[in-house]
Amino acid sequence: MMRRFLSALQRNDAAEVDEILRTSDLDIDTVLEVEDLRSVLPSYTKGSWLHSFKLESSWAMGIHICMMHNAIESALVLLERGAAVNRKSNGKTPLHVACAVSHVDCVALLLNWGANVNSVSRSGRTPLHYCTTQESVDCARQLILKGADVNKPSQNNDEDTPLHIAAHLGISELVSLYIAHGADVNAFNAHMETPLIAAAFCAMDARVQTYSEQHHLVCRILLDYGANPNLQDGDKKTALHKASWNCDQTLMQILLDAGADPKIMDMSGIQALQYTLNMMRMRPYCEPYCCLQLLLNYGAVRVYPNQFYKVLEIYHDDPRTVEVMVNSYGHLMSTSKWRDAIPKKTYKKHMMFYDSLFAACTTPRSLQHLARFTIRTAMCCSCESGIKQLSLPTSIKQYILLEPEGIIR
């Protein structure tokens, strides 16, 4: 009988479900074992199962199974006969399950029958925390209209708000929805991450080494609604540290335009520019000089002159990056370490550039460069925005903003 009941629920055969309940003594809330390859039904506390071990079946009541299969008609039969709407047979209520699979009609049905919108699963999440796809936006909207708490942190080791999760996943519609209903854009989770920091870090997919326009949009939305770009996480890293680690030029520009301070140090005393310098070799798809040029134009602290040879060790085969870094100083004195940092093969390949570099280190820089340096020093952090507002020829603006020319003058 239980097998027949399970099959009817999965096929959404409401007539047979009703017949079984009328003609048998089967408990309407009996727990059934069902195939659940995606682990939609269970919710465990941390440590209940090994992360690498997934069960292929789960336990659930009939109403949970209806939510999983979007079986509205069968669910209505169960509810009319008194099925428990808020019971957690395997750690989740039926509403948790409906949100997890983005079944909007199921969510509406459960809410009409008194489902608890702020019920917490065994893993510490509310139904809003299970709205994790583009398709679940309407589910989240219904939950909020019924009183779901958009600022309720998960009751687990992460303490994420629904906004943290939406920002982490890059779902801009959910982010906008939560903010419109009072979500705190500067809320901290247990790791002292704000939604902006979470979105900034996840803006690059490390597996395929690509940047996410959706995460960039999420960051713009958060900043437009008052997110503080200079808040720091538990390691004292800001969103700009995360973007610089990813060498995400687009996001770095967004954050710097919104007031991100490139001089803030993390717990290890590292600033955004240093992260960019260190990570460029692992981000072959980005333009190193563009990221560094951007940070310097917003007032980033330059590499200590005595350590400049380390820039040459990393970027000797990228003259544009070396040029941007060199021209951020009024004058530099080369050392023997400079010569050692440039392989002979690289020197021959870029001989004209490196000859001009060493010549500039042994003679006074041009008056034009010194004027550029003086202007940049005076404008400091507002160099990028300030220079663009001046009524100067484009070529002069580019020169002041360290656009590479291919030679050191």
task: Please examine the side chains of Arg339 and Leu312, heavy atoms only from C-beta on, and report whether any two atoms are closer than 4.5 Å.
output: no
field: CE/Met351: more than 12 non-hydrogen atoms of other groups inside 6.0 Å
entry: yes
task: Report yes if some heavy atom in the side chain of Arg302 is under 4.5 Å from a heavy atom in the side chain of Met325; otherwise report no.
output: no
Identified side-chain contact (heavy atoms from CB on, under 4.5 Å) partner of Ser154 from the options Leu128, Asp160, Val120: Asp160
query: Would you say Asp235's side chain and Lys237's backbone share a donor-acceptor pair under 3.5 angstrom?
result: no
query: Is there a donor-acceptor contact under 3.5 Å from the side chain of Ser7 to the main chain of Arg4?
result: no
- line: Test ring-ring contact (aromatic ring centres under 6.0 Å, His included), reference Trp338, set Tyr309, Phe308, Tyr354, output is Phe308
- prompt: Between Asn151 and Asp184, is there a donor-acceptor pair closer than 3.5 Å when you use the side chain of the first and the backbone of the second?
  reply: yes
- prompt: Is the number of heavy atoms from other residues, nucleotides or ligands within 6.0 Å of CD (Glu35) greater than 12?
  reply: no
- request: Using distance alone, with no hydrogens and no angle criterion, decide if Ser119 and Thr93 have a side-chain donor and acceptor under 3.5 Å apart.
  value: no
query: Does Lys263 reach the side chain of Cys381, with side-chain heavy atoms less than 4.5 Å apart?
result: yes
- prompt: Within a strict 4.5 Å, meaning less than it, do heavy atoms of the Cys286 and Gln249 side chains meet?
  reply: no
field: Residues forming a salt bridge (Lys or Arg N to Asp or Glu O under 4.0 Å) with Lys388, sequence neighbours excluded
entry: Glu384
- prompt: Got Val322 and Asp318 here, is their nearest side-chain heavy-atom distance under 4.5 Å?
  reply: no
query: Between atom SG of Cys247 and atom CG of Leu277, what is the distance when rounded to the nearest 0.5 Å?
result: 9.0 Å
query: For Asn327, which of Glu405, Arg409, Arg365, Gln293 qualifies under side chain to side chain donor-acceptor pair (under 3.5 Å)?
result: Arg365
- request: Verify the neighbour count for atom CZ of Arg22: are there more than 12 heavy atoms of other residues, nucleotides or ligands below 6.0 Å?
  value: yes
- request: Inspect the surroundings of NE2 in His168 and state if more than 12 heavy atoms from other residues, nucleotides or ligands are less than 6.0 Å away.
  value: no
query: Can any side-chain N or O of Lys88 pair as donor or acceptor with the backbone N or O of Arg122 at less than 3.5 Å?
result: no
Carboxylate-amine/guanidinium proximity below 4.0 Å for Arg141 and Glu173: no
statement: Output for pair (Met68 CE, Cys106 SG), nearest 0.5 Å, gives 12.0 Å
message: Whether the side chain of Asn230 engages the backbone of Gly259 through a donor-acceptor N/O pair (distance < 3.5 Å, no angle test) should be reported.
response: yes
- prompt: Would a distance-only check, ignoring hydrogens and angles, find a side-chain to backbone donor-acceptor pair under 3.5 Å from Lys146 to Ala115?
  reply: no
message: Are more than 12 heavy atoms, taken from residues, nucleotides or ligands other than Met379, located less than 6.0 Å from that residue's CE atom?
response: yes
- request: For Tyr298 and Gln253, run side chain to side chain donor-acceptor pair (under 3.5 Å): C-alpha distance rounded to whole Å, both residues' side-chain angles, the deciding distance at 0.1 Å, then the answer.
  value: CA-CA 10 Å; Tyr298 276 91; Gln253 181 81 63; 3.3 Å; yes
- prompt: So, are Asp18 and Arg81 salt-bridged, with charged N and O less than 4.0 Å apart?
  reply: yes
Side-chain touch Val185/Pro195, heavy atoms, less than 4.5 angstrom: no
task: Take His350 and Ile342 through the side-chain contact (heavy atoms from CB on, under 4.5 Å) test and state the conclusion after the steps.
output: CA-CA 10 Å; His350 304 291; Ile342 306 170; over 6 Å; no
query: Going by the ring pair (Phe, Tyr, Trp, His ring centres under 6.0 Å) test, which pairs reach into residues 212-256, not counting sequence neighbours?
result: His241-Tyr275, Trp245-Tyr275
Candidate pair Lys345 and Asp317, rule salt bridge (charged side-chain N to carboxylate O under 4.0 Å, His left out), full reasoning: CA-CA 10 Å; Lys345 183 178 180 180; Asp317 202 31; over 6 Å; no
query: Do Trp59 and Leu41 come close enough that some side-chain heavy atom pair is under 4.5 Å?
result: no
- prompt: Do Trp113 and Leu76 come within less than 4.5 Å of each other through their side chains, counting heavy atoms only?
  reply: yes
task: Please assess Leu21 against Leu78 for the test side-chain contact (heavy atoms from CB on, under 4.5 Å), listing each intermediate value before the final yes or no.
output: CA-CA 9 Å; Leu21 293 174; Leu78 295 178; 3.8 Å; yes
- prompt: For the side chain of Asp248 and the backbone of Tyr211, is there at least one donor-acceptor N/O pair under 3.5 Å apart?
  reply: no
message: With a 3.5 Å distance limit and no angle check, can you tell me whether Asn86 reaches the backbone of Asn116 through a side-chain donor-acceptor pair?
response: yes
- request: Tell me yes or no: between the side chains of Tyr130 and Ser121, is some donor less than 3.5 Å from an acceptor?
  value: yes
Glu323 (side chain) donor-acceptor with Gly406 (main chain) under 3.5 angstrom: yes
query: Any chance NZ of Lys337 has more than 12 other-residue heavy atoms, nucleotides or ligands included, within less than 6.0 Å?
result: no
message: Quick one: does any side-chain atom of Asn186 pair with a main-chain N or O of Gly226 as donor and acceptor, under 3.5 Å?
response: yes
message: Counting only heavy atoms from other residues, nucleotides and ligands, does the tally under 6.0 Å from NZ of Lys236 exceed 12?
response: no
query: Considering residues, nucleotides and ligands other than Tyr399, do more than 12 of their heavy atoms fall under 6.0 Å from its OH?
result: yes
